[in-house]
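All of these numbers come straight from a predicted model, not from anything done at the bench. Throughout, numbering of the chain's residues begins at 1 and tracks the sequence.
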Amino acid sequence: MPKRSVNLSEPAYNHLLNLIMTKQLMPGDRIPETRIAKEFNISRTPVRDAMRQLCNDGLIEIFPNRFAQVRVFSPEDIREIGTVRVALDTLSIKLANLYGSHADFLRLQALATQCSEAFTEGHDRVRLSSDSEFHLELSRIAGNELLFKFQKELQLRIQFIQLHHPTVLENELLHIQQHHEIVKALMDHDEKLAETLICNHLKSFYNLENDYPENFFPITL
């Protein structure tokens, strides 16, 4: 992609991402390609480049020669992401317990606190960001570049699902505060408890309990 096109597509990408993450564009809404090109006084080519990037991020769907729209995640899509997250996060726990330092866990604890406070204060955008950053930081502590890359690629999809396909939890604050329990288990080097906590934390959020055989997830409370 030519450098000029990249430079022109970046503001269009950021603008579209903001529209999606602030619910100004909802799942199923068509992308206003022509309007955005006019707003930024650019051709439609860099707007299409931005849309392709958002398609790679998993947030929009492009129907060639027709239109593009904000993605609608099916229950199957969400289940697949949730299943992968359980696998990635339990591996992150094992590696973080092996390689993480007390300073690492303090950073994780700060993100847990930020997430809880944002929820209490009603700052949804901050809560979503700090929630996904908590799990991303966990994979960073794990010290495995490929694991971190996989988590990074899922990050926007996860925030999108939290925003546009929220799970009905019996106690959402309690669910968010489970981050603190996970950090405490890591600080205590209680690997099995930390694995159990994060496995159940994700299973409840993605409603995975009834999607797999009883012993599919070996770590349960």
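In terms of hydrophobic clustering, with Ile, Leu, Val, Met, Phe, Trp and Tyr side chains grouped at heavy-atom distances under 4.5 Å, Leu17 and Val70 are assigned to a common cluster. Cluster annotation: Leu202 and Leu136 are assigned to distinct hydrophobic clusters (Ile/Leu/Val/Met/Phe/Trp/Tyr, side-chain heavy-atom contacts under 4.5 Å, transitive). Transitive grouping of hydrophobic side chains (ILVMFWY, heavy atoms separated by less than 4.5 Å) brings Tyr212 and Val84 into a common cluster. Hydrophobic clustering (ILVMFWY, side-chain heavy atoms < 4.5 Å, transitive): Leu154 and Leu95 are in one cluster. A continuous path of hydrophobic side-chain contacts links Ile60 to Ile158 [ILVMFWY only; heavy atoms under 4.5 Å].
The distance from atom CG of Leu54 to atom CD1 of Ile31, rounded to the nearest 0.5 Å, is 7.5 Å. With rounding to the nearest 0.5 angstrom, the OG1 atom of Thr90 is 12.5 Å from the CG atom of Leu197. The CG atom of Leu59 lies 9.5 Å from the CD1 atom of Ile161; values are rounded to the nearest 0.5 Å. Taking CG from Leu8 and OG from Ser43, the interatomic distance works out to 7.0 Å, rounded to the nearest 0.5 Å. Remark: Phe150 CZ to Arg85 CZ distance equals 15.5 Å, nearest 0.5 Å. Atoms NE2 and CD, on His180 and Gln109 in that order, are 7.5 Å from each other to the nearest 0.5 Å.
Within the hydrophobic cluster formed by Ile, Leu, Val, Met, Phe, Trp and Tyr side chains joined at under 4.5 Å, directly or through other members, Phe119 is accompanied by Leu173, Ile176. Residue Phe67 shares its hydrophobic cluster (ILVMFWY side chains chained together at separations under 4.5 Å) with Phe63. Hydrophobic clustering, defined by side-chain heavy atoms of Ile, Leu, Val, Met, Phe, Trp and Tyr closer than 4.5 Å, leaves Val126 isolated from every other such residue. Counting Ile, Leu, Val, Met, Phe, Trp and Tyr side chains that sit under 4.5 Å apart, directly or through other members, Leu174 stands alone, with no cluster partners.
Gln155 has its side chain out of reach of His135: every pair of non-hydrogen atoms, C-beta onward, lies at least 4.5 Å apart. Counting heavy atoms from C-beta outward, Pro27 and Phe160 have side chains that approach closer than 4.5 Å. Between Arg30 and Leu25, every side-chain heavy-atom pair lies at or beyond the 4.5 Å cut-off. Looking only at side-chain heavy atoms (C-beta outward), Leu138 and Leu186 come within less than 4.5 Å of each other. Looking at heavy atoms from C-beta onward, Glu133 lies out of side-chain contact with Gln114 at the 4.5 angstrom threshold. Side chains of Arg107 and Arg140 form no contact here, defined as non-hydrogen atoms less than 4.5 Å apart.
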Handout entry: Residue pair Arg66, Glu61: steps toward the salt bridge (charged side-chain N to carboxylate O under 4.0 Å, His left out) verdict
Key = CA-CA 11 Å; Arg66 295 173 60 199; Glu61 298 172 292; over 6 Å; no

Practice task
Test side chain to side chain contact (heavy atoms under 4.5 Å, CB included) on Asp49 and Thr45 and set out the steps.
Solution key: CA-CA 6 Å; Asp49 291 339; Thr45 298; 4.2 Å; yes

Practice task
Evaluate side chain to side chain contact (heavy atoms under 4.5 Å, CB included) for Leu147 paired with Ser92, printing each intermediate quantity in order.
Solution key: CA-CA 8 Å; Leu147 175 61; Ser92 293; 3.3 Å; yes

Problem - Working for side chain to side chain contact (heavy atoms under 4.5 Å, CB included), residues Ile198 and Gln178 - result: CA-CA 8 Å; Ile198 205 156; Gln178 286 172 350; over 6 Å; no

Handout entry: Asp124 and Gln162: CA distance, side-chain angles, deciding distance, side chain to side chain donor-acceptor pair (under 3.5 Å) verdict
Key = CA-CA 10 Å; Asp124 288 342; Gln162 289 176 312; over 6 Å; no

Handout entry: Candidate pair Asp131 and His179, rule side chain to side chain contact (heavy atoms under 4.5 Å, CB included), full reasoning
Key = CA-CA 9 Å; Asp131 184 289; His179 291 148; 3.2 Å; yes

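Identified under the ring-ring contact (aromatic ring centres under 6.0 Å, His included) test for residues 85-106, with sequence neighbours left out: none. Listed by first and then second residue, the salt bridge (charged side-chain N to carboxylate O under 4.0 Å, His left out) pairs involving residues 75-84 are Arg71-Asp77 (not counting sequence neighbours). For residues 151-166, the salt bridge (charged side-chain N to carboxylate O under 4.0 Å, His left out) pairs, not counting sequence neighbours, are Lys149-Glu153.
When atom types are taken as modelled, the side chain of Thr120 and the backbone of Ser116 share a donor-acceptor pair closer than 3.5 angstrom. The closest donor-acceptor contact from the side chain of Asn200 to the backbone of Thr196 lies under 3.5 Å. Listed for the His164 side chain is a donor-acceptor partner under 3.5 Å among the backbone atoms of Ile20.
Between Ile62 and Ala68, the closest heavy-atom pair is CG1-CB, 4.0 Å. When all heavy atoms are compared, the tightest approach of Phe73 to Gly58 is CZ-O, 3.4 Å. Scanning all heavy atoms of the two residues, the minimum distance from Val72 to Gly28 falls at CG2-N, 3.5 Å. Contact between Ala50 and Ser9 at its shortest, heavy atoms only, is CB-O, 3.7 Å. Summarising the geometry of Met21 relative to Leu163, their closest heavy-atom pair is O-CD2, 3.2 Å, with the distance given to 0.1 Å. Across all non-hydrogen atoms, the minimal contact from Glu209 to Lys203 is OE1-O, 3.2 Å.
In this structure, Asn41 places its CG atom where only 12 or fewer heavy-atom neighbours from other residues, nucleotides or ligands lie under 6.0 Å away.
Side-chain polar atoms of Asp29 and Gln24 form no donor-acceptor pair below 3.5 angstrom. No hydrogens or angles considered: a donor-acceptor pair under 3.5 Å links the side chains of Asp104 and Ser101.
Residues passing the salt bridge (Lys or Arg N to Asp or Glu O under 4.0 Å) test with Asp57: none are found, sequence neighbours excluded. Every residue two or more places apart in sequence or in another chain was checked for a salt bridge (Lys or Arg N to Asp or Glu O under 4.0 Å) with Asp211, and none qualifies. With sequence neighbours excluded, the residues forming a side chain to side chain donor-acceptor pair (under 3.5 Å) with Gln159 are Ser132, listed by chain and number. Scored by the salt bridge (Lys or Arg N to Asp or Glu O under 4.0 Å) test, Glu117 finds no partners at all (sequence neighbours excluded). Taking His189 as the reference, nothing meets the ring-ring contact (aromatic ring centres under 6.0 Å, His included) condition, with sequence neighbours excluded.
Between Phe40 and His15, the ring planes are perpendicular. Angles over 60° get that label, and only those under 30° would be called parallel.
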